[in-house]
Every structure is written in C-alpha cells, then in structure tokens.
Amino acid sequence: MDSNKLRKKFLDFFKEKSHKIVSSSSLLPSDSTVLFTTAGMQQFSQYLSGEKNPLKDFKTRHLVDCQKCFRSDDIEEIGDDTHNTFFEMLGNWSIGQDEKGNYFKEGAIKYALEFLINELKLDKNKFYITIFRGNKDIPRDGESEKIWQDNGIPKEKIKEFSEKDNLWGPVGKTGVCGPNSEIHYDRGEEFGCKEPDCGPNCSRCQRFVEIWNLVFIQYYKDEKGSYQKLSQKSVDTGLGFERVAAILQEKTSAYETDLFLPVIQEIEKLCSKKYEENKKYFRIIADHIRGSVFLISEGFFPSNVEQGYVLRRILRRAIRYGKIIEAKPGFLIPLANKTIEIYKDVYPEVFSKQADILTVIQKEEEKFEKSLEKGLKEFKAQSSKSKAISGKVAFNLYQSFGFPLEITKEMAKEEGLEVDEKEFQEELKKHQEVSRAGREKKFGGGGKFSSKLHTATHLLHGALRKVLGDKVKQMGSDITSERLRFDFSFERKLSPEELKKVEDLVNEKIKEDLEVKQKEMSLEQALKTGALAFFKEKYPERVTVYSIQAFSKEICAGPHVKKTGELGKFKIIKEESSSADIRRIKAILE
Ligand code: SER
C-alpha cells in the first residue's frame with residue numbers, strides 16, 4: 001500500500017465512523033511555551049481541557065487528522081529504523097463523554113484493532129500492548145488491560161510500564177495528560193536482541209516498534225506538578241504514519257518506502273558511496289532535508305536561536321554528513337526537489353514555497369561550505385594533539401567556522417573524545433558580555449536611552465503578537481541613538497487601524513509602569529518556558545530572560561530599564577516592507 005493511500009484510508013475509516021476530518025495545524029504551535037508541534041493533540045488542547053466546546057467549532061466531538069510534527073529531541077536517534085525529526089501522526093479524538101455515541105477506552109481500543117486488522121490486514125499475533133502501571137497520583141489501568149483481553153489479546157502480551165512510558169503528556173510544562181496504552185508491533189526475531197526479557201520498550205533493540213498510542217486524557221498537570229482531574233474524559237490517539245507505512249510496504253524502515261526512497265536514490269547518484277554500506281549517513285541526510293523543507297515551507301529561517309537554530313543545526317549536520325559520503329557540493333538542492341516532489345500533492349505549501357525553500361537551503365549551504373573545510377582541518381589538528389576538545393576550541397569552531405556545538409560534540413564522539421561544554425559556555429558568556437559592552441559603548445551615554453529603546457522593542461514585539469497573532473516572529477532588530485527598527489515576519493502591509501492598535505497597546509503598557517524582570521537560566525529552560533529570542537546574536541547556553549508580566553518574555557542580553565514607565569511616549573514613525581513576507585517598523589520614544 002503506497003503511503004498516500006494509507007493516509008487516505010485512515011481518514012476515510014474514521015470519517016465513516018462519523019469523525020470530522022480536520023487539517024493539520026502548523027509546525028509552529030499556538031502555545032508558545034514549546035518550540036514545535038510534536039503531537040496531533042496540540043491544536044485540540046483547549047478542547048481536551050474543556051476550555052472550548054468542540055460542538056461549537058466542529059459540530060461534533062469526534063475528530064480525525066493527519067498532523068505534521070517535528071521533534072528535535074529525537075535528533076540523536078535519527079538513522080535508526082524508526083525515528084524522524086519531521087514526521088506525520090495520524091490521530092482520532094473523542095472529546096468529552098457527555099453524549100451518546102462518544103467513546104472512551106473501549107471504543108478507542110476497538111477502533112484501533114478494527115483499523116489495523118480489517119483495513120490494513122496486519123497480523124494480530126504480532127501485537128503487543130503496554131498499559132500504565134499506576135503511581136501515587138493515578139491508578140493502574142486495569143480497565144484497558146481487560147478490554148484488550150476481551151478483544152482477543154492474550155494476557156502475556158500485555159505489559160505494564162511506569163509513567164515514563166505510559167503516562168502521556170503534557171506537551172509543555174503544564175497541560176492535559178493521561179495514562180496511555182500502546183500497540184507495539186513485533187517485527188520478528190531477526191530484529192531482536194534475543195535476551196530473555198526482550199519485549200516492548202526494549203532498551204537494547206528495535207524488534208518491537210510502537211505504532212499506535214492511545215491516550216486517555218483525564219488530567220491537567222498544573223504549575224506545581226500536581227494532577228488535577230478534568231471534568232471530562234477524552235481520547236487522543238497517535239498512529240505513527242512512517243512506521244506503519246514501512247510495515248505495510250514490508251520494509252525495514254521508512255527510508256526504504258516511497259516516502260524516502262527517491263531521495264535515498266538521489267543521494268546515491270550525487271555521491272560516491274552506496275546506501276547499503278552507509279545507511280546511517282544517508283538516512284540522516286534524507287531525514288534532515290525533509291525536516292528542513294517542511295520547516296522552511298512554514299516560514300522558518302536558519303538562525304542562532306529557537307526554531308531557527310534547530311533548522312540550522314539539521315541543515316549543517318546534513319552538509320557535514322554529505323562531506324563524509326563525498327557528496328557533490330550543492331547536493332542538498334536536488335534532494336530538496338525530490339522531497340518536494342514526494343509531498344507536493346498532500347502538502348501544497350512545500351510546492352508553493354519551493355523557490356523560498358531552495359533559496360534558503362542554498363544560502364545556508366554556501367555559507368557553511370565556505371568554513372566547513374577549514375573548520376574540519378582545525379578540528380583535526382586539535383583532536384590529534386589532545387585527549388579532549390577544550391571549550392575554547394569548540395567555541396572557536398562555533399564562532400569562526402559556524403559549527404553548532406552539537407556538531408562538534410558529534411565529531412568528538414566519533415574520535416572517542418569529549419568536549420568541555422562548561423568551558424564552551426563560559427567562552428560564550430564572555431563573548432556575550434563583550435558584545436554587550438560594545439553595544440552600550442556604541443550608544444553612548446551609558447546606554448540609558450538604548451535601554452529604553454530595547455525595552456520598547458520588547459513591548460512592540462509583544463503588541464504585534466497580540467494584535468496580529470503569534471505567527472509574528474522577530475526577524476531582525478536595530479537600535480540607533482534616535483530610533484528602534486524592528487523586522488518581523490508578516491505577509492502584508494499593516495492597516496492604519498492595526499498600527500494604531502499596536503502603538504496604543506505599547507503606550508498602555510508604558511502607562512501601567514510594569515516591572516521589567518530579569519532572570520538567568522539555561523537556554524533550554526528559557527525556551528521551554530516560552531521565552532522568545534531577541535537579538536540575533538550567537539547562541540549561548542546560559543541566557544538572560546527579560547519579562548514584562550505575561551505580555552513579553554524574551555531571551556536578550558539587555559540592557560533594559562527597570563520599569564516601563566521610564567519610556568515616555570512610544571510612536572511608530574514608519575511601516576514598510578523589508579523583504580518578501582517581512583515587514584519593518586521604525587519607532588521612536590518622545
Ligand atoms: N498525543 C499522543 C502522542 O503524541 C497521541 O496522539 O503520542
């Protein structure tokens with residue numbers, strides 16, 4: 001079964017069962033506390049929590065979709081048989097239980113078995129099931145265990161696990177969650193470690209692949225980490241599209257299915273190596289180019305912060321692996337074209353944005369190509385003479401040759417070396433301080449006025465996102481002694497009304513005389529708590545987050561004023577186009 005047919009079959013199956021087909025939401029989640037959409041349920045989280053009523057917006061409690069997802073946590077795993085950065089998740093939902101015809105555990109389990117066995121003709125004997133073992137907060141899921149048994153799954157194939165595997169969610173720090181029950185597919189002994197305790201979630205081998213996750217949403221995890229019982233119960237499921245496609249096409253991994261094979265074959269044409277002997281490299285390149293195509297199609301650009309950093313990291317990683325398999329310079333472009341070809345009918349945005357996608361990839365490749373060779377030489381020289389890669393060396397590779405720290409770590413690992421990350425961070429911090437001092441000097445007067453304009457820029461960013469929506473992303477910023485300039489992604493000219501709203505909102509926040517809070521934390525933590533990036537400066541591991549109540553929260557090196565009341569009156573003096581889909585605002589403080 002080709003993959004397009006699988007996608008359609010899933011949607012049709014649930015449509016027949018009176019589910020409404022909902023389109024995939026963007027890879028940029030509306031909840032800004034997380035970087036990417038990593039699960040199908042994100043666009044429905046407010047319905048699952050009970051804040052919104054699905055009947056009002058969808059006229060039904062039953063939904064089905066195929067969601068584009070991106071997980072940067074799995075980057076290290078890429079190359080094995082079952083992980084991808086970008087992937088698609090098929091899902092069905094039953095939200096709330098107050099009506100006849102809604103389903104919970106039994107319905108979800110029966111539908112899943114019916115789809116896999118009757119529609120896809122998978123062999124039930126290969127299914128293994130996991131359930132939640134229970135903990136101090138949430139009881140063991142004996143109910144699901146019984147339903148599986150009643151539906152023909154023998155007891156010995158049902159295994160229980162702790163919260164790490166079988167208590168799903170929330171996606172961010174807080175949110176809806178619940179115990180889950182998964183279907184794992186036994187790929188056969190040849191994929192196994194042959195240890196007696198091998199089974200689903202085996203840490204040694206990939207014999208058992210999780211294909212379908214059925215989540216029974218019943219709780220809300222709050223700020224304190226406690227589980228609050230929701231007033232309603234819901235079903236959230238996620239079926240791994242690539243994994244099932246591989247099974248149906250009788251392939252070891254998705255890389256050999258119609259989703260990737262044309263790209264893998266193209267890589268073979270563009271380099272001097274064969275896939276069979278270099279699977280990991282080929283797979284990483286194919287995965288990363290696909291991820292990049294989708295990210296760029298949604299307006300992400302390579303940069304040193306947030307999502308842009310992830311995009312840069314996967315593109316540069318693909319380029320480095322390209323070097324290893326001796327791929328021709330410029331090899332990413334034909335691969336991007338192949339990827340677009342595969343997906344253009346299902347996701348028209350990859351086709352309509354083709355020109356942008358190719359330009360961004362080409363530019364990034366040219367940029368990194370220039371320094372890659374020199375950086376590799378430098379790395380070699382250093383690694384051959386010492387037992388570890390010092391933070392200074394890693395920082396130099398980052399600063400002068402554009403090597404993301406993770407790439408240096410990966411190269412070091414290949415040589416059996418470690419990188420002194422602590423020292424790397426210290427170097428970064430030093431650098432950050434130097435550039436900050438430089439900035440303050442440039443502004444003169446101890447930077448007092450520049451502090452005001454910095455804070456005003458944060459307020460402007462916050463106001464733009466309030467008025468125009470969260471898709472507004474900072475693309476650049478510049479401050480002189482007279483004005484601030486702010487570039488952001490937005491597809492059209494702002495109306496005079498919108499500009500007025502933005503200006504008024506900023507002035508309102510100035511009037512409220514809010515405190516500008518400053519907090520230092522790890523970059524990871526900052527991004528997790530939803531801080532946005534401000535200056536496009538180098539990517540530090542420890543960052544300062546400035547926040548103005550809930551209105552604005554950004555990673556920034558400062559400096560800022562203490563209270564917004566110090567700013568005076570904010571005035572927009574110009575709004576214009578900066579480049580395609582990027583607007584520019586200039587503003588002053590009076
Ligand atoms: N939310 C669950 C997951 O991501 C099921 O859709 O696995």
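Whatever order the structure lists ligands and atoms in, that order sets their numbers, starting from 1.
- A donor atom on one side chain and an acceptor atom on the other are not found under 3.5 Å apart for N166 and R133.
- Defined by atom type and a distance below 3.5 Å, a donor-acceptor pair is missing between the side-chain atoms of T37 and Q67.
- Protein heavy atom nearest atom 7 (O) of ligand 1, with residue, atom name and distance: N213 ND2, 2.9 Å.
- Taking the six-membered ring for Trp and the full ring otherwise, Y255 and H83 have centroids separated by 6.0 Å or more.
- Ring geometry for F86 against F294 counts as parallel: the plane angle stays under 30°, on a 0 to 90° scale with 60° as the upper cut.
- Taking distance alone, with nitrogen or oxygen atoms compared against 3.5 Å, W93 stays at or beyond that limit from ligand 1.
- For ligand 1 and V215, the ligand atoms under 4.0 Å from any heavy atom of the residue are 2 (C), 5 (C).
- By the 3.5 Å distance cut-off applied to N or O atoms, T38 is not counted among the residues near ligand 1.
- In this model, no donor atom of one side chain and acceptor atom of the other lie less than 3.5 Å apart for E106 and Y111.
- A side-chain N or O of W212 and one of T237 form a donor-acceptor pair less than 3.5 Å apart.
- Neither the backbone nor the side chain of N180 comes within 4.0 Å of ligand 1, counting heavy atoms alone.
- Neither side chain, E349 nor Y343, offers a donor N or O lying under 3.5 Å from an acceptor on the other.
- An N or O contact shorter than 3.5 Å is missing between G40 and ligand 1 by distance.
- Less than 4.0 angstrom separates some heavy atom of G238 from each of these atoms of ligand 1: 5 (C), 6 (O).
- For H184 and F208, the gap between ring centers reaches or exceeds 6.0 Å.
- Remark: minimum distance from atom 6 (O) of ligand 1 to any protein heavy atom is reached at D236 OD1, 2.7 Å.
- In this structure, atom 3 (C) of ligand 1 lies nearest to the protein heavy atom W168 NE1, 3.4 Å.
- Proximity of R71 to ligand 1, defined as any heavy-atom pair under 4.0 Å, is confined to the side chain (atoms from C-beta onward).
- For ligand 1, the atoms lying closer than 4.0 Å to a non-hydrogen atom of M41 are 1 (N).
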